[in-house]
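Following: one structure in structure tokens, then a few remarks.
Note that the numbering runs from 1 along the sequence shown for the chain. Ligands are counted one by one from 1 in listed order, and the atoms in each one are counted from 1 as well.
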Amino acid sequence: MKNKYPVFILGMGPGNPKFILPETLELINKSDALIGGKRHLEDLEQNGLKDLIFVEDGLDGAVSFIKKYSQKKMISVLVSGDPGFYSLTNFLMKKCPEIYFEILPGISSMTYLFSKLGMLWHDALIVSLHGKSDVPMEKIIKSHKTVFLTDAVHTPGIIAKKVLSSKVSNKKMIVGENLSYENENIRYLNLEDAKDMEFENLNLVVLINET
Ligand SMILES: C[S@@+](CC[C@H](N)C(=O)[O-])C[C@H]1O[C@@H](n2cnc3c(N)ncnc32)[C@H](O)[C@@H]1O
């Protein structure tokens with residue numbers, strides 16, 4: 001039987017607190033315990049009365065906390081962007097099938113970037129390289145617009161190198177770093193330039209056909 005009280009999974013938007021939904025802020029304030037990344041938990045002004053569980057300390061700890069306290073404390077899990085778009089939601093639902101999760105949407109880093117670019121995203125191929133080993137190059141080369149979620153291994157430079165090594169020359173790269181924060185940086189780059197550049201860890205890449 002599922003638990004009586006929900007555990008909330010809250011979409012925190014791209015990062016800057018001004019993009020958090022008012023309803024999400026209300027739930028955060030009401031919660032007894034918050035689970036999330038340091039990036040989100042440290043940006044929130046807390047009164048010190050809540051339990052804070054950092055996911056960087058290990059996901060097993062977060063799962064045990066949820067299983068132990070979900071009926072005693074109001075728990076909210078804070079995830080970046082939208083919870084339904086490559087976040088912890090899938091992992092938590094699989095690890096805690098007995099728990100009823102209530103999800104609140106957030107502005108995804110991807111939709112944020114496309115809005116800033118004045119471009120549509122409904123026709124984009126979406127590729128998450130976060131923690132993945134394979135890059136679907138054939139699909140990427142055929143697609144006129146691809147958006148990549150990156151990680152420390154799959155950097156914009158590595159993506160540029162992979163595309164160039166497939167002898168593709170009609171594509172341009174857009175890199176959005178630290179989206180929504182004060183040091184946000186969105187650049188249009190040639191693949192030849194991008195392949196040797198350094199980037200901020202938090203970035204999204206869009207690859208578009210030049211013609
Ligand atoms: C695990 S995914 C989470 C995606 C999230 N659920 C969303 O809707 O944006 C993390 C990846 O999203 C991208 N990302 C998240 N926030 C970002 C930001 N503020 N600026 C640039 N990229 C961001 C990065 O590619 C990062 O590696």
Side-chain angles (χ1 to χ4, degrees), residues 7-21 23-24 28 34-44 54-59 62-63 76-95 101-117 119-122 124-136 140 145-160 162-163 173-189 194 197-208:
V7 169
F8 293 92
I9 303 182
L10 309 176
M12 297 294 285
N16 189 317
K18 71 183 176 189
F19 291 102
I20 303 174
L21 291 178
E23 172 73 2
T24 297
I28 289 171
L34 300 176
I35 299 175
K38 292 199 167 108
R39 171 160 83 100
H40 293 120
L41 294 183
E42 284 170 358
D43 276 351
L44 294 168
F54 295 102
V55 293
E56 287 86 351
D57 294 338
L59 288 175
V63 168
S76 290
V77 183
L78 278 42
V79 300
S80 77
D82 185 82
F85 186 64
Y86 297 106
S87 81
L88 264 187
T89 306
N90 191 31
F91 171 85
L92 289 177
M93 285 179 162
K94 279 195 179 141
K95 287 278 179 183
F101 289 101
E102 198 169 312
I103 301 176
L104 256 88
I107 298 172
S108 168
S109 55
M110 181 195 68
T111 57
Y112 175 94
L113 176 59
F114 277 109
S115 301
K116 279 269 169 167
L117 295 171
M119 276 184 203
L120 304 175
W121 58 270
H122 66 195
L125 170 68
I126 298 170
V127 176
S128 172
L129 297 174
H130 205 80
K132 301 266 168 59
S133 54
D134 55 329
V135 180
I140 292 163
K145 191 193 282 172
T146 308
V147 57
F148 299 86
L149 282 88
T150 61
D151 66 11
V153 178
H154 304 93
T155 62
I158 295 289
I159 297 169
K162 280 196 188 290
V163 177
M173 181 174 266
I174 303 164
V175 183
E177 297 164 279
N178 297 322
L179 295 169
S180 81
Y181 291 103
E182 275 181 17
N183 58 348
E184 169 178 295
N185 193 10
I186 301 176
R187 287 180 281 178
Y188 281 76
L189 300 166
M197 287 168 66
E198 296 284 322
F199 296 89
E200 296 283 335
N201 288 335
L202 200 55
N203 67 69
L204 273 186
V205 170
V206 178
L207 202 62
I208 44 167

Does ligand 1 have an atom that lies less than 4.0 angstrom from a heavy atom of Asp82? yes
Rounded to the nearest 0.5 Å, what separates atom CG in Leu113 from atom CG in Leu204? 5.5 Å
Nearest protein heavy atom to atom 20 (N) of ligand 1, by residue and atom, and its distance? Leu179 N, 2.9 Å
Does any N or O in the side chain of His154 come within less than 3.5 Å of the main-chain N or O of Leu129, such that one atom is a donor and the other an acceptor? yes
How about Glu56: does its CD atom have over 12 heavy atoms from other parts shown lying under 6.0 Å from it? yes
Among all protein heavy atoms in this structure, tell me which lies nearest to atom 14 (N) of ligand 1, with the distance rounded to 0.1 Å. Ser109 OG, 3.4 Å
For Leu10, does its backbone N or O pair with a side-chain atom of Thr24 as donor and acceptor, under 3.5 Å? no
Looking only at heavy atoms of Met12, does any of them come nearer than 4.0 Å to an atom of ligand 1? no
If I apply the N/O under 3.5 Å rule, does Glu177 come out as touching ligand 1? no
Taking it one step at a time, do Met173 and Met197 satisfy side chain to side chain contact (heavy atoms under 4.5 Å, CB included)? CA-CA 12 Å; Met173 181 174 266; Met197 287 168 66; over 6 Å; no
Phe85 heavy atoms, cut-off 4.0 Å: which ligand 1 atoms fall inside? 4 (C), 5 (C), 6 (N), 7 (C), 8 (O)
Got more than 12 heavy atoms from elsewhere within 6.0 Å of NZ, Lys162? no
Is there a polar contact, in the sense of an N or O pair closer than 3.5 Å, between Phe148 and ligand 1? no
Nearest to atom 26 (C) of ligand 1, what protein heavy atom do you find, and at what distance? Thr150 O, 3.9 Å
Under 3.5 Å between any N/O of Asp151 and any N/O of ligand 1: does that happen in this structure? no
Exceeds 12 heavy-atom contacts within 6.0 angstrom, atom CG of Asn201: no
Is there any N or O on Asn203 that sits under 3.5 Å from an N or O of ligand 1? yes
Can you name the one residue among Phe85, Phe19, Trp121 that meets ring-ring contact (aromatic ring centres under 6.0 Å, His included) with Tyr112? Phe19
For Gly176, the ligand 1 atoms whose distance to one of its heavy atoms is below 4.0 Å: 21 (C)
In the protein, which heavy atom is nearest to atom 3 (C) of ligand 1, and how far is it? Tyr86 O, 3.1 Å
Could you tell me whether the side chains of Glu200 and Tyr181 share a donor-acceptor contact shorter than 3.5 Å? no
So, does Asn203 use its side chain to make a donor-acceptor pair with the main chain of Val175 at under 3.5 Å? no
Give yes or no for whether the N/O distance cutoff of 3.5 Å, strictly under, is met between Met110 and ligand 1. no
With heavy atoms only and a cut-off of under 4.0 Å, state how Arg39 meets ligand 1: side chain, backbone, both or neither. side chain
Identify the closest protein heavy atom to atom 12 (O) of ligand 1: which residue and atom is it, and at what distance? Leu149 CD2, 3.5 Å
N/O of Pro14 under 3.5 Å from N/O of ligand 1, yes or no? yes
Nitrogen or oxygen of Ser80 less than 3.5 angstrom from that of ligand 1: yes
